[in-house]
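Notes follow the structure.
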Amino acid sequence: MTLTIASWNINSVRLRMPIVKRFAETARPDILCLQETKVRDEDFPFSDLRELGYDHIEISGQKGYHGVAILSRLPLEEVTRGPFCREGHARHISARIGAGTGAAAGLRIHNFYVPAGGDEPDPAVNPKFDHKLDFLDAMTRGPAERHLVPERAVVVGDLNIAPLETDVWSHKALLKVVSHTPVEVEAFARVRAAGGWVDAMRERIPPAEKLYTWWSYRSPDWSAADKGRRLDHVWLSPDLLDGLGAIRVFREARGWDKPSDHVPVTAELRL
DNA sequence: ATGACGGTTCTTAACCGA
């Protein structure tokens, strides 16, 4: 079977429901991981999403900020959620695809929303940047109770770091801009190396090519200026690499009505 | 290029995002 997994920072799930529907009907992902849902669990729009075919929904939300969700056509089990690295933020949820789902059974999905890190890339003066680096350290350690183990597992999410020179519109201009500073890129590399995680997007789109998933709301003509960054990622445990199919970045979603500043990414996985 | 935007709430101002 082929499973399509999507990741999308939607910047308010309630406000974005029309384009979540549009994307779900266009890409028809089996698993849709959302970040920045910005809603308390009791106010999560379950029924609207079930209507799109996602009968299995696991969420970790908080009021106004952050929040992650896994929407699935397949049953989910063994969910882990809750604050991942101090601050009490809802920035991680993981679940395993349930038994009785054929070849997909046992696949674990991790959905992360890594802290943006504020403006100043210095942990000594900027607590948000300090938190970002600590969060990445926690991802490197992979707390046992979160099952962040690189076996039959997928890590997706808004990791808020653009690691390659081709992941930003200007490497030189962004070297001191949070999301592309060397200290973050090095921490990001440590997380990936610790698990041997494979950067699935760059398995399909050559690292020499520019690739973005985010364009600032502040750019008056985002597409023409094209000053984007690749902040959203899909990682695979090495055992899944042989099954990797198409990767798609839905750049067009940035031009939809009332868009998120991030676009969805999908990965096909043969299991 | 630290913002010309667009979310949120203790809303009509302040805070946050990246």
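Residue numbers begin at 1 in each chain, while the letters A, B, ... track the order of the sequences. Computed from a prediction, not measured in an experiment: that's the story for all the values here.
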**Study point:** Phosphate-side-chain proximity, A:His66 and B:dT8, N/O vs OP1/OP2 below 4.0 Å
**Key:** no

Could you check how far [atom1] of [X] sits from [atom2] of [N], rounded to whole Å?
X: A:His131; N: B:dG17; atom1: NE2; atom2: C1'; answer: 15 Å
X: A:Lys132; N: B:dG17; atom1: NZ; atom2: P; answer: 11 Å
X: A:Lys128; N: B:dC16; atom1: NZ; atom2: P; answer: 4 Å
X: A:Tyr217; N: B:dA18; atom1: OH; atom2: P; answer: 10 Å
X: A:Asp226; N: B:dA1; atom1: CG; atom2: P; answer: 17 Å
X: A:Asp261; N: B:dC5; atom1: CG; atom2: P; answer: 14 Å
X: A:Lys38; N: B:dT9; atom1: NZ; atom2: C1'; answer: 11 Å
X: A:Trp214; N: B:dT2; atom1: CH2; atom2: P; answer: 12 Å

Practice item. Mind checking A:Lys227 for me? I need base, sugar-phosphate or nothing, with any heavy atom below 4.0 Å counting as a touch. Key: base

Practice item. Give a yes or no on whether a donor-acceptor pair under 3.5 Å exists between the nucleobase atoms of B:dG17, that is its base, and the side chain of A:Arg218. Key: yes

Check your understanding: Considering only side-chain heavy atoms of A:Arg16, which listed nucleotide, B:dC10, B:dG6, B:dA18, is closest?
Key -> B:dG6

Review point. Counting side-chain heavy atoms from CB outward, which of B:dA1, B:dA18, B:dG7 is closest to A:Tyr113?
Key: B:dA18

Exercise for review: Identify which one of A:Phe188, A:Trp197, A:Phe112 satisfies the side-chain contact (heavy atoms from CB on, under 4.5 Å) criterion when paired with A:Met139.
Suggested key: A:Phe112

